[in-house]
Amino acid sequence: CAAPPQAPDPVTRTPVPVSPLPSPQPAPLLDPRRTQVIFTAMQMVGVPYLWGGSTPAGFDCSGLVGYVFRTIGIDLPRVSRAMANEGTAITDRAALVEGDLVFFGKRGRVDHVGIYVGEGKFVHAPRTGRDVTCGAAAGASGTLCVSARNLVVSRYPGTGPLPPVF
């Protein structure tokens, strides 16, 4: 008969020190007006493009932006080139916040505007034959992003809950 199997020698394990993972920082809360801008802009996805349009029956790019910002009490000039002078300039693309405006053009001349909605995307009314859409903010209609503007300056500091509404 064969001898019964023997238990293996106990293995001594040395604990490996593990540094704790940094705790994730919650994203800062958006000003409720920014949330309203994003919500309204996303509701307009699918509305047909209409040159000169500024209602949910049809929009051009600046008509869409003007309509959305009027919902939070901000009146903007009618054309994208004039809108590009409103608010505060954003010089670092990494500093874009949902609700900011992004402007496109060729040779530095603004000819298109959209609303940044996060994750590198924006809502805009692209051109005749296309509906309002949400797409990559890297470029629109073969143009380059030439500037961005912040129209809703106030943001809630900290990461706690929104203050109560009375």
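Remember, it's a predicted structure, so these values are computed and weren't measured experimentally.
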Test side-chain contact (heavy atoms from CB on, under 4.5 Å) on Asp100 and Arg34 and set out the steps. CA-CA 8 Å; Asp100 288 338; Arg34 285 183 181 273; 3.0 Å; yes
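- With contacts defined as side-chain heavy-atom distances shorter than 4.5 Å, the pair Val97/Asn150 does not qualify.
- Grouping the Ile, Leu, Val, Met, Phe, Trp and Tyr side chains by contacts below 4.5 angstrom, directly or via other members, places Val79 apart from Leu50.
- Side-chain contact between His112 and His124: present, with at least one pair of heavy atoms (C-beta onward) separated by less than 4.5 Å.
- Between Leu64 and Ala125, the shortest heavy-atom distance links the atoms CD2-N, 3.8 Å.
- Taking CD1 from Ile38 and CZ from Arg33, the interatomic distance works out to 13.0 Å, rounded to the nearest 0.5 Å.
- In this structure, Trp51 shares a hydrophobic cluster with Tyr49, the cluster being traced through Ile, Leu, Val, Met, Phe, Trp and Tyr side chains under 4.5 angstrom apart.
- Here Phe104 and Phe122 bring their ring centres to under 6.0 angstrom of each other.
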Could you go step by step and tell me if Val102 and Val113 meet the side-chain contact (heavy atoms from CB on, under 4.5 Å) rule? CA-CA 6 Å; Val102 286; Val113 61; over 6 Å; no
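- We find that Arg127 and Asp60 are not joined by a salt bridge, their nearest charged nitrogen and carboxylate oxygen being 4.0 Å or further apart.
- Within the model, atoms OG of Ser147 and CG of Asn85 stand 8.5 Å from one another, a figure rounded to the nearest 0.5 Å.
- In terms of heavy atoms, Arg149 sits closest to Ala89 at NH1-CB, 3.2 Å.
- The minimum heavy-atom distance linking Lys121 with Cys134 is given by the pair CB-SG, 4.0 Å.
- Pairing each heavy atom of Pro48 with each of Asp131, the nearest pair is CA-OD1, 3.3 Å.
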Applying side-chain contact (heavy atoms from CB on, under 4.5 Å) to Leu101 and Ile115, what does each step give before you reach the verdict? CA-CA 5 Å; Leu101 297 185; Ile115 301 168; 3.9 Å; yes
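- Listed here is the closest heavy atom pair of Glu119 and Tyr116: N-OH, 3.4 Å.
- Atom CD of Glu86 is separated from atom CG of Leu151 by 7.0 Å, given to the nearest 0.5 angstrom.
- When hydrophobic clusters are built by joining Ile, Leu, Val, Met, Phe, Trp and Tyr residues whose side-chain heavy atoms come closer than 4.5 Å, directly or via intermediates, Val37 is not grouped with Phe39.
- Contact check for Phe69 versus Asp75: no side-chain heavy atoms found under the 4.5 Å cut-off.
- Looking only at side-chain heavy atoms (C-beta outward), Thr133 and Val123 stay at 4.5 Å or farther from each other.
- Side-chain contact between Ile90 and Leu96 is present, with heavy atoms from C-beta onward closer than 4.5 Å.
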As a quick check of understanding, evaluate side chain to side chain donor-acceptor pair (under 3.5 Å) for Ser62 and Arg78, giving each step before the final call. CA-CA 6 Å; Ser62 56; Arg78 178 60 185 98; 2.7 Å; yes
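- The two residues Met44 and Phe59 come nearest to each other via the heavy atoms SD-CE1, 3.6 Å.
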